[in-house]
Protein chains: 2
Amino acid sequence: MNLLQPLHSVRVVDAVRERLRQAILVGELPPGARLSVPDLARRLGVSRSPIREAVLQLVSEGLAVEHSRRGVEVARIDLSDLLEIYALRAALEGVAARLCAESMSAADLTALRGVLDAQGAPAVSRDVARYRELDQRFHQIIVQSCGNLRLAKSAEQLAAELRLAQRLLADSAEHLRASHTEHRRIVAALIAHAPEEAESAMRDHLARVASAAQAKVSAEGHPPSGPEPPGLSHSGLPTTLSADLPTGGTP
Amino acid sequence: MNLLQPLHSVRVVDAVRERLRQAILVGELPPGARLSVPDLARRLGVSRSPIREAVLQLVSEGLAVEHSRRGVEVARIDLSDLLEIYALRAALEGVAARLCAESMSAADLTALRGVLDAQGAPAVSRDVARYRELDQRFHQIIVQSCGNLRLAKSAEQLAAELRLAQRLLADSAEHLRASHTEHRRIVAALIAHAPEEAESAMRDHLARVASAAQAKVSAEGHPPSGPEPPGLSHSGLPTTLSADLPTGGTP
DNA sequence: TCCTCACACTTTACATGTAACATGCGCTCA
DNA sequence: TGAGCGCATGTTACATGTAAAGTGTGAGGA
């Protein structure tokens, strides 16, 4: 491997952003958790500037929402958000699948088939976590292979937003089996170089996933969410968030 | 008018962001212009913090690009960017048109027909600036009426990015006439509540606009751009950018 | 003449100071 | 007891300080 690539020293803001993003995506900072800049600065051992910048970047990605002069909190994704996101994903990934069907590298297609095969086991054993992990990779390969960088970025941001709404997603055995079958249909269309088929298969897939979530929610009668509205309380939710960042520096 | 609506004092960062966005979109800050934080702070009469924040917001919108540790410049949109953006727009606005065909308010539809009619004159007289202004409003109405806020936001950001590439866009008399005809076809489908028709009409329209740009560029043999790569020079391009912001405050 | 290197200058990235603002709570008074 | 005021506390938003990095320039040498 070439060790002489241009070296750009990691900026603190990038490290903070990745750390916070992970914390949000794994649920350590759950929806509704406040992202207090002074608090995070204390906990991560850096000054407030890079924290503020990182938090605002998460806002622009949709993982957090800003309330003017009242701080930022991790985004709460409700059913209507979820349906919006799936409609958008259907548009974007449908086109991505179409583009892939026209020209996808053999390597990417092989990787995709690998993921598809790997999904068989968790689909039948109903290993939801594992299935979703592979599902994410499945869709990621397609949007990254379509050749449109902006499209890939948008689609991946939407996928990340959806990880905030896991509790709303369908997870029945039937759902996993149906999803896997639909993935197979998508891959078949890609292999056959059938753009129309690929696009409609992808769209149908995402539309069904969305309606499955909708069905699940209305069946379970999900509460709108937590306590929430009464002003952003000063409740600092988790107290862990690990120690400090690579560049330690509290002079 | 009700004067007792909730009042949220304008933040400096918002004023700066809007001012810079306008400066970019009208070409006062052309593609490639450096967005020097200290310089802008001096010119706008505020401190560096809100300037930096506003500049980074423009980066996240795609109107500017950040070069780590080397500052930010107004985005340069080349032909490949333009094609990417049009492919994305086709996906997003195609779905928006479909949704509109299913349920669009009478008011929105009336507004849309108004814009369509108004486009007739500039289309035949080849008033390119006026036609593009109305074109922007035409597409804006559709994405805003589709009921998907995220979709609308994305589509409008892409439309803004395209304003940085005006020089690449087709502007022949034939092109304007074709565009207007396609707009009519879209509106007809919306009136007829024909989702399929609306989506394909929109997609075809945007695909043709993209290929018209491509044709124009390859015909004219556009130079890749200005001088650009040799490091971000210290050339402060324009020296105007008006006086200072609403909240004057240089203590 | 052309290349190299050191220096001066500017900016970025991070740190820190601070006024205005927002929130929760206890206290007062009806 | 209950509504409302004022205070304590903590945060945001903006301002400013500063080390390190990046860039352009010009002197000096080949």
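In the text below, chain A, chain B and the rest are named by the order of the sequence lines, each starting its count at 1. No hydrogens, no waters, no symmetry mates; every other heavy atom, side chains included, goes into these values. Predicted model, so just to flag it, every value in this text is computed and none were measured.
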To the nearest Å, give me how far apart CD (Glu73(B)) and P (dG22(D)) are.
17 Å
Quick check on dA20(C): is either OP1 or OP2 less than 4.0 Å from any side-chain nitrogen or oxygen of Arg70(A)?
no
At less than 4.0 Å, is any side-chain N or O atom of Ser47(B) found next to OP1 or OP2 of dC14(D)? Yes or no.
no
Please tabulate the protein-to-nucleotide N/O contacts below 3.5 Å involving nucleotides 18-21 of chain D, giving atom names and distances.
none

Quick one: do the Glu156(B) and Gln144(B) side chains pair a donor with an acceptor below 3.5 Å?
yes
Figure out the CG/P separation between Asp39(A) and dG10(D), and round it to whole Å.
11 Å
When the distance from CD of Gln57(A) to P of dA13(C) is rounded to whole Å, what number comes out?
11 Å
Could you state the atom-to-atom distance from CD of Glu53(B) to C1' of dA15(D) in whole Å?
13 Å
Is the shortest heavy-atom distance from the side chain of Leu25(A) to the side chain of Arg21(A) under 4.5 Å?
yes
Where the side chain of Pro38(B) is defined as all heavy atoms beyond and including C-beta, which of dT12(C), dA13(C), dA13(D) is the nearest nucleotide?
dT12(C)
Taking only side-chain nitrogens and oxygens of Arg52(B), does any of them come within less than 4.0 Å of OP1 or OP2 of dA13(C)?
yes
What is the distance from CG of Leu56(B) to P of dA13(D), rounded to the nearest Å?
15 Å
Any donor-acceptor N/O pair under 3.5 Å between dA13(D) base and Ser49(B) side chain
no
Taking Arg132(B) first and then Asp135(B), would you say they form a salt bridge - that is, a charged N and a carboxylate O separated by under 4.0 Å?
no
Rounding to a whole Å, what distance do you find between Arg11(B):CZ and dC21(C):P?
14 Å
Phe138(B): partners by ring pair (Phe, Tyr, Trp, His ring centres under 6.0 Å), with sequence neighbours left out:
His183(B)
Leu40(A) CG to dA15(C) P: how many Å, rounded?
14 Å
Arg34(B), nearest nucleotide to its side chain (from dA15(C), dC14(D), dT11(C))
dT11(C)
What is the distance, to the nearest angstrom, from the NE2 atom on His67(A) to the C1' atom on dA22(C)?
13 Å
Expected output: side-chain Asp171(A) to main-chain Val128(A) donor-acceptor under 3.5 Å
no
Exercise: do Glu93(B) and His139(B) side chains pair donor with acceptor under 3.5 Å
yes
Selected nucleotide, minimal atom distance to Pro50(A) side chain, candidates dA15(C), dA13(C), dA15(D)
dA15(C)
To check you understand the geometry: which heavy-atom pair defines the closest contact between Leu82(A) and Ala213(A), and what is its length?
CD2-CB, 3.8 Å
